[in-house]
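Scope of the values below: all heavy atoms of this structure, side chains included, with no hydrogens, waters or symmetry mates. Computed from a prediction, not measured in an experiment: that's the story for all the values here.
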Amino acid sequence: MPQGKPDVVPDDGLTTRQRRNRPLVMVHTGLGKGKSTAAFGMALRAWNQGWPVGVFQFVKSAKWKVGEENALKVLGASGEGGTVHWHKMGEGWSWIQRPPAEGEQSHEDKAREGWEQVKRDLAAGTYRFYVLDEFAYLLHWGWIDTAEVIEVLRDRPGTQHVVITGRNAPRELQEFADLVTDMSKVRHPMDAGQKGQRGIEW
């Protein structure tokens, strides 16, 4: 796409401006590193445009201090771009499966509660740009119904852009999305026994 020009112009009755400003659903999936990082990079662009940004972080522990969280919060409070709100929905790395304490909500219930919040914010038009980080896992595990997610995203009002990250994004979601990137792993330091490190993984 040289100079950002599409190869094909569909006969959809829209003007160039209408087509360009159409709200997008984007999916970053695959086994490679960089799915969330790419989404947060897009959030930086949204912030620069003055758009309100909502990050909904699923699965990753609320105790884990993600580097992008601090950076985006500082930018959001700077008064120079859009606002940034960061929501941590759920409890920890769910493939470790720390069982909930007695009387505590299950991981699945917390995830569903987080999705209900996303639905409320979409209906209210709270943000212009949404990052649903690691959300694809919840669909893959069957905790949240993919068909329901597609219906909600299809019917969202206004010009709200949504990017979903996570491995194993369901085929139905990928077929619905406007942009799908599959991050392939060629090599990773963990393959050689090296743990994640400061400034690279967080």
Side-chain angles (χ1 to χ4, degrees), residues 25-47 53-76 84-102 104-115 117-118 129-146 149 161-177 179-202:
V25 172
M26 298 154 282
V27 174
H28 298 171
T29 193
L31 301 180
K33 176 177 167 57
K35 297 178 285 293
S36 297
T37 304
F40 295 141
M42 297 175 86
L44 285 174
R45 293 177 176 174
W47 168 84
V53 174
V55 178
F56 296 82
Q57 199 166 31
F58 294 84
V59 179
K60 288 177 180 171
S61 173
K63 297 176 183 176
W64 191 0
K65 301 303 181 187
V66 178
E68 294 94 341
E69 177 183 357
N70 185 52
L72 280 165
K73 281 183 172 179
V74 169
L75 289 172
V84 178
H85 291 98
W86 198 286
H87 309 273
K88 295 186 178 181
M89 328 297 288
E91 178 66 33
W93 292 101
S94 293
W95 47 88
I96 293 175
Q97 290 298 329
R98 179 188 68 80
E102 187 174 340
E104 195 177 60
Q105 278 183 302
S106 71
H107 299 315
E108 184 173 352
D109 287 342
K110 288 183 179 180
R112 181 73 200 184
E113 193 174 89
W115 167 237
Q117 182 60 53
V118 171
F129 190 88
Y130 294 72
V131 177
L132 308 189
D133 189 36
E134 310 293 3
F135 189 66
Y137 284 105
L138 312 183
L139 307 182
H140 176 67
W141 294 331
W143 289 6
I144 295 174
D145 181 54
T146 300
V149 170
H161 300 283
V162 180
V163 57
I164 294 171
T165 74
R167 296 184 182 192
N168 301 310
R171 177 182 52 81
E172 297 87 350
L173 178 66
Q174 294 190 48
E175 290 174 353
F176 166 73
L179 182 156
V180 179
T181 299
D182 189 304
M183 306 277 190
S184 299
K185 188 188 82 163
V186 176
R187 186 178 297 109
H188 195 289
M190 288 184 179
D191 299 338
Q194 181 174 333
K195 291 187 175 182
Q197 61 177 296
R198 186 185 304 273
I200 304 298
E201 268 75 35
W202 71 91

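At a threshold of 4.0 Å, the pair E108-R112 does not count as salt-bridged, since none of the basic side-chain nitrogens sits closer than that to a carboxylate oxygen.
Closest heavy-atom contact between K35 and G30: NZ-O, 3.0 Å. Closest approach of E134 and T165 over heavy atoms only: N-OG1, 2.7 Å. Taking every heavy atom of both residues into account, A136 and P170 meet most closely at O-CD, 4.4 Å. R167 approaches L31 most closely through the heavy-atom pair NH2-O, 3.7 Å. When every heavy atom of K73 is checked against every heavy atom of W86, the shortest pair comes out as CE-CB, 3.7 Å. Between T146 and E172, the closest heavy-atom pair is CG2-CB, 4.2 Å.
Using a 4.5 Å heavy-atom cutoff, the side chains of V27 and F176 are not in contact. D191 has its side chain within reach of K185: a pair of non-hydrogen atoms, C-beta onward, lies under 4.5 Å apart. Residues Y137 and F58 form no side-chain contact, since every pair of their non-hydrogen atoms from C-beta on lies 4.5 Å or further apart. When side chains are defined from C-beta on, H28 counts as touching M42, because their heavy atoms get closer than 4.5 Å. For the pair V118/F135, no side-chain contact is recorded, criterion being any heavy-atom separation below 4.5 Å from C-beta on.
H87 contributes no side-chain N or O that, together with a main-chain N or O of F56, makes up a donor-acceptor pair within less than 3.5 Å. Between the side chain of W47 and the backbone N or O of L75, at least one donor-acceptor pair lies under 3.5 Å.
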Working for side chain to side chain contact (heavy atoms under 4.5 Å, CB included), residues L72 and V53: CA-CA 9 Å; L72 280 165; V53 174; 5.8 Å; no
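Under the 30°/60° scheme for interplanar angles, the aromatic rings of H161 and F129 are found to be tilted.
The CG atom of L132 sits 7.0 Å away from the CH2 atom of W115 when rounded to the nearest 0.5 Å.
Screening I164, V131, V163 for a side-chain contact (heavy atoms from CB on, under 4.5 Å) involving M26 leaves a single residue, V163.
Side chains of T29 and D182: a donor-acceptor N/O pair is absent below 3.5 angstrom, by distance only.
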